[in-house]
There are 2 protein chains.
Amino acid sequence: MSQEGRTRRRGKELERAIFEATWAELQEGGFAAVTMERVAKRAGTSKPVLYRRWSSRVELLVNTALHRLPDADSVPDGGTLRDDTVNLLKLMRQRLLSIGREPMLGILTEVVRNPEVNKKVFRHLIGHLRALMTDVVLKRAAERGEIEPEDLNERLKTLPFDLVRSEFILTGAVPDEAIEEIVDTVFLPALAGRKLLRREARGPADAAGASPPERSGGPGAGDAPDLV
Amino acid sequence: MSQEGRTRRRGKELERAIFEATWAELQEGGFAAVTMERVAKRAGTSKPVLYRRWSSRVELLVNTALHRLPDADSVPDGGTLRDDTVNLLKLMRQRLLSIGREPMLGILTEVVRNPEVNKKVFRHLIGHLRALMTDVVLKRAAERGEIEPEDLNERLKTLPFDLVRSEFILTGAVPDEAIEEIVDTVFLPALAGRKLLRREARGPADAAGASPPERSGGPGAGDAPDLV
DNA sequence: AGAGCTTAGATACGAGCCGTTTCTTACGGA
DNA sequence: TCCGTAAGAAACGGCTCGTATCTAAGCTCT
């Protein structure tokens with residue numbers, strides 16, 4: 001793995017090699033087993049090269065994870081709210097699995113203590129996919145007449161994500177059946193039931209009603225790739 | 001903090017002092033800052049004493065967390081499914097907060113790699129409270145005639161827990177408003193909506209119907225205190 | 001009360017890691 | 001071709017984990 005006899009890599013090429021080495025170490029030994037020295041050796045370079053790019057081990061790990069995230073800027077139109085939601089959740093799954101359970105937990109743990117990064121992660125954990133939900137999936141559904149704005153509040157909008165995240169954190173996987181069950185036996189029934197209950201009660205809806213546009217700008221409005 | 005001039009502690013007394021020291025270190029510096037040496041010093045003892053009780057740092061941390069968990073073997077009867085569920089979720093919150101967000105994440109991270117402990121934690125993360133849900137809250141609700149068995153499937157039963165856990169992991173807190181929102185705008189509507197949708201469809205219910213008794217024994221059937 | 005066994009507590013060790021410093025040398029742009 | 005930038009090697013101080021060794025305190029049993 002030494003650099004002997006090979007031409008020196010630089011810039012992005014070297015960086016990519018380091019990300020790959022980090023990821024390989026992560027897979028083999030887990031979050032705790034990733035050490036700067038091992039990564040450097042595996043990438044055929046040395047520690048100072050790593051520290052010139054990232055100020056700490058955590059920094060390297062976070063950026064390695066972000067680097068692996070596939071893009072997610074649209075949701076295929078499935079024709080119904082049901083299928084759009086399923087598609088969106090499959091997209092979320094793809095992103096979650098591209099990082100993996102243990103790295104995700106490790107990153108969350110290390111990041112909690114840093115309010116700034118924590119806020120950023122928090123925003124990204126929720127913001128991006130939620131924007132797709134609001135600006136694409138629910139918009140389509142409203143245009144189709146499947147839902148009315150008052151049927152939804154903030155918690156209902158993030159409900160499918162919360163459940164997929166829970167599944168992922170507990171089991172490390174999100175099978176198709178789980179996604180469909182979440183949509184078919186929780187999300188859609190909750191929407192229907194809420195409509196029903198609101199009609200029965202005839203009371204003013206809770207704070208959900210005419211919710212202000214909370215996150216304009218749509219997906220991609222952030223200043224860094226999303227963590228999920 | 002040295003032991004000079006004090007009478008030596010032994011057994012449970014010493015153990016309690018170590019747990020307290022560990023917890024204090026956890027509060028002050030976070031998961032990563034808890035070292036065996038600092039804990040030993042703070043507890044007025046030394047490393048070998050720690051290693052005689054726990055085989056590793058993680059072992060100590062996990063057991064410190066478990067040690068802090070308040071008991072939870074019943075749910076006050078609120079008279080309705082709604083209030084019982086709120087009560088149960090408040091109990092869950094109490095348990096979550098007794099450990100805290102970062103320690104919880106840290107423990108999960110470290111434990112994921114150990115299939116045995118992972119399974120145990122997984123079971124405890126879900127099992128105990130879920131048993132209270134099934135054996136107390138839902139039983140009462142059925143006796144009151146509020147629900148029928150076919151209204152529920154596994155996912156719906158754990159739904160409130162999943163959402164509270166999500167809230168806790170993302171924000172580190174679970175305010176009363178969150179609990180009530182979860183129950184009033186998700187859980188109860190989902191039950192109502194499911195009933196409604198099943199009636200409309202007239203199809204056979206999904207696998208929810210006559211679910212077998214999956215966890216007999218009720219709360220306390222485990223072999224260790226629950227993690228949540 | 002005394003003997004003996006258990007276990008607390010002090011100290012030191014090897015191995016490994018983090019993050020830094022110093023230095024040499026390859027490479028690429030002008 | 002020359003020179004600045006950055007790669008790569010080596011070593012360091014400080015810290016941590018987990019272990020080994022030893023002394024002595026105090027509980028238990030007679």
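Within every chain, numbering begins at 1; the chains are lettered A, B, ... in the order of the sequence lines, protein sequences first and strands thereafter.
- Taking the charged nitrogens against the carboxylate oxygens, Glu37(B) and Arg42(B) have no contact shorter than 4.0 Å, which rules out a salt bridge.
- Thr109(B) and Thr109(A) share a side-chain donor-acceptor pair at under 3.5 Å.
- Distance CD (Glu13(B)) to P (dT7(C)): 16 Å, rounded to an integer number of Å.
- If you measure from atom CG of Leu50(A) to atom C1' of dC17(C), you get 14 Å, rounded to the nearest angstrom.
- Between Leu105(B) and Leu105(A) the shortest side-chain heavy-atom distance falls below 4.5 Å.
- Side chain to side chain, Arg155(B) and Thr185(A) fail the donor-acceptor criterion of an N or O pair below 3.5 Å.
- Residues Ile107(B) and Leu61(B) approach most closely at CD1-O, 4.1 Å, considering heavy atoms.
- With contacts defined as side-chain heavy-atom distances shorter than 4.5 Å, the pair Val137(B)/Thr85(B) qualifies.
- Residues Phe168(B) and Met104(B) are in side-chain contact: their nearest non-hydrogen atoms beyond the backbone lie under 4.5 Å apart.
- Annotation: proximity of residues 17-25 of chain A to DNA chain D (heavy atom, distance under 4.0 Å) is found for no residue.
- We find that CG of Leu14(A) is positioned 18 Å from P of dT5(D), with the value rounded to whole Å.
- No side-chain donor from either of Arg68(B) and Thr64(B) sits under 3.5 Å from a side-chain acceptor of the other.
- Put simply, the side chain of Arg57(B) reaches to within 4.5 Å of the side chain of Glu110(B), judged on heavy atoms.
- OP1 or OP2 of dG9(C) has at least one side-chain nitrogen or oxygen of Thr45(B) nearer than 4.0 Å.
- By the 4.0 Å N-to-carboxylate-O rule, Lys12(A) lies close enough to Glu15(A) to be salt-bridged with it.
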Enumerate the protein-to-nucleotides 26-30 of chain D contacts in which both atoms are nitrogen or oxygen and the separation is below 3.5 Å.
from	atom 1	to	atom 2	distance (Å)
dG26(D)	OP1	Thr7(B)	OG1	3.3
dG26(D)	OP1	Arg8(B)	N	3.1

Inset, instruction - Sugar-phosphate atoms are those with a prime plus P, OP1 and OP2; base atoms are the rest. Using that split, label each nucleotide of nucleotides 16-21 of chain D B, S or - for protein heavy atoms under 4.0 Å, 5' to 3'. - result: SBBBB-
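- Atom NZ of Lys12(B) is separated from atom C1' of dA8(C) by 16 Å (rounded to the nearest Å).
- The pair Arg93(A)-Glu167(A) fails the salt-bridge criterion, with no side-chain N (NZ, NE, NH1 or NH2) lying under 4.0 Å from an Asp/Glu carboxylate O.
- Spacing between atom CH2 of Trp54(A) and atom P of dT20(C) amounts to 15 Å, rounded to whole angstrom units.
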